[in-house]
Amino acid sequence: MPELPEVEGVVESLRPFVIDQTIEEVEVSKQLLVSHEAGKAAIIKGCSPEELIRELPGYRITALTRKSKYMYFALQRKNEEALLVGHLGMTGAWFPVETEEAIQEDKFRKHIHVKLRLSGGYWLIYSDIRRFGELRLLQQEADYPPLLQMAPEPFTEEGRQHYLSMSEIAKYRNKPVKGFIMDGHVLSGCGNIYATEALFRMKIHPNRKVARISKSRLNALYDTIVDVLNEGIARGGSSISDYRNVNGGAGSMQHFLQMYGKKMCSTCLTETKQLIIAGRTSTYCPKCQR
DNA sequence: AGTTAGTCCCGGGAGC
DNA sequence: TGCTCCCGGGACTAA
């Protein structure tokens, strides 16, 4: 599943294909049109597919950036500015291709939902097997308030201070640390895979309450999360199930994970255990993590 | 008013 | 082969 490192990889790889390209035409899959007709907000959020098809053409993509796990396509049309915000959800993927047939895997070719024809002569295709991703056309970021509620980027000093100050707030003090670091209002971009790895490296039990971790350990945990995220970026992300980069390829970080999805602890060979924390499966070593 | 549980977007993989 | 169940990022809503 795409977390910060995977989204970073997509944004960096996609950027040369989309910058200064004008969106000429938009196509939406029959399945999405049917879902929306049935009143469901599948993938396209905040407006109808018809509005997206009508509104997007003519906009030039001037920038593509990542904020937390979101992708921001900055758009400009004459003196008019807009923002297309994307989220990959569980199984979203972008492919810049000349034809659909260039997408190798059946499961992604079968679930193409939005196609943008760019002035460069190719298609920017959004495919999403489970349709948990989202596309949202805004005039500006503030038009969708949750975007303003996200924690600062983890690679900044501001991000660290925000995380530390949140650890002192009553509503978080009694929470399991795993849920704390996966909460996007506390720390941006750390999902289940990277949270699991960081806690294992720090030998911290995922269910340990935030208040029962010292300030210096919380600081060290933050450093470890940043390290794990950076390793993920350097290795092209983790392709556990359905993450693919813009070339349809897999990342390699999954080969370097020590705890996520493991049956046995790589350090002491003890059988791992699982807990549900904040609604997510949390794998840990009962002997190494306290 | 703050917290928690449920709901919703889904298809695929596991297990029987 | 085919059925059923479970999984999950994140926002929203009901309790």
What residue pairs, at least two apart or across chains, pass side-chain hydrogen bond (donor to acceptor under 3.5 Å, both in side chains) with a residue in residues 262-282 of chain A? A:K178-A:S282, A:Q274-A:T283
Using a 4.0 Å heavy-atom cut-off, does A:T91 contact any base of the nucleic acid, only the sugar-phosphate backbone, or nothing at all? nothing
Common cluster, A:L83/A:L64, ILVMFWY with side-chain heavy-atom separation under 4.5 Å: no
So which of residues 165-175 of chain A are in contact with DNA chain B, with a heavy-atom cut-off of under 4.0 Å? A:K171, A:K175
Close approaches to DNA chain B from residues 26-34 of chain A, in residue order (heavy atom, under 4.0 Å): none
Which residue lies more 5' along DNA chain B, comparing A:K107 with A:K40 via nearest heavy atoms: A:K40
When you match A:G39 and A:D242 each to their closest nucleotide on DNA chain B, which lands nearer the 5' end? A:G39
My understanding is that only residues two or more places apart in sequence, or in another chain, count here; which of them pass side chain to side chain donor-acceptor pair (under 3.5 Å) with A:E51? A:S48
What residues form a side chain to side chain donor-acceptor pair (under 3.5 Å) with A:Q161, not counting sequence neighbours? A:E157
May I ask you to verify if any side-chain N or O of A:H36 is less than 4.0 angstrom from the OP1 or OP2 atom of B:dC9? no
What is the distance, rounded to the nearest whole Å, between atom CD1 of A:I240 and atom C1' of B:dG12? 16 Å
May I ask you to test the A:K107-A:R244 pair for a side-chain heavy-atom distance under 4.5 Å? yes
Treat primed atoms plus P, OP1 and OP2 as sugar-phosphate and everything else as base, then score nucleotides 7-15 of chain C 5' to 3': B for base contact with protein heavy atoms under 4.0 Å, S for sugar-phosphate contact only, - for none. BBBBSS---
Any idea how A:Y284 and A:H205 line up, ring-wise: parallel (<30°), tilted (30 to 60°), or perpendicular (>60°)? tilted
When the ring planes of A:Y172 and A:F180 are compared, do they come out parallel, tilted or perpendicular, using 30° and 60° as the limits? perpendicular
Looking only at atom types and distance, does a side-chain atom of A:R208 sit under 3.5 Å from a main-chain N or O of A:R290, one as donor and one as acceptor? yes
The single option from A:F17, A:Y126, A:W123 passing ring pair (Phe, Tyr, Trp, His ring centres under 6.0 Å) against A:W94: A:Y126
Pairing of A:E50 and A:R54 as salt bridge, 4.0 angstrom limit: no
Can we say A:K30 and A:E37 salt-bridge, meaning some charged N sits less than 4.0 Å from an Asp/Glu carboxylate O? no
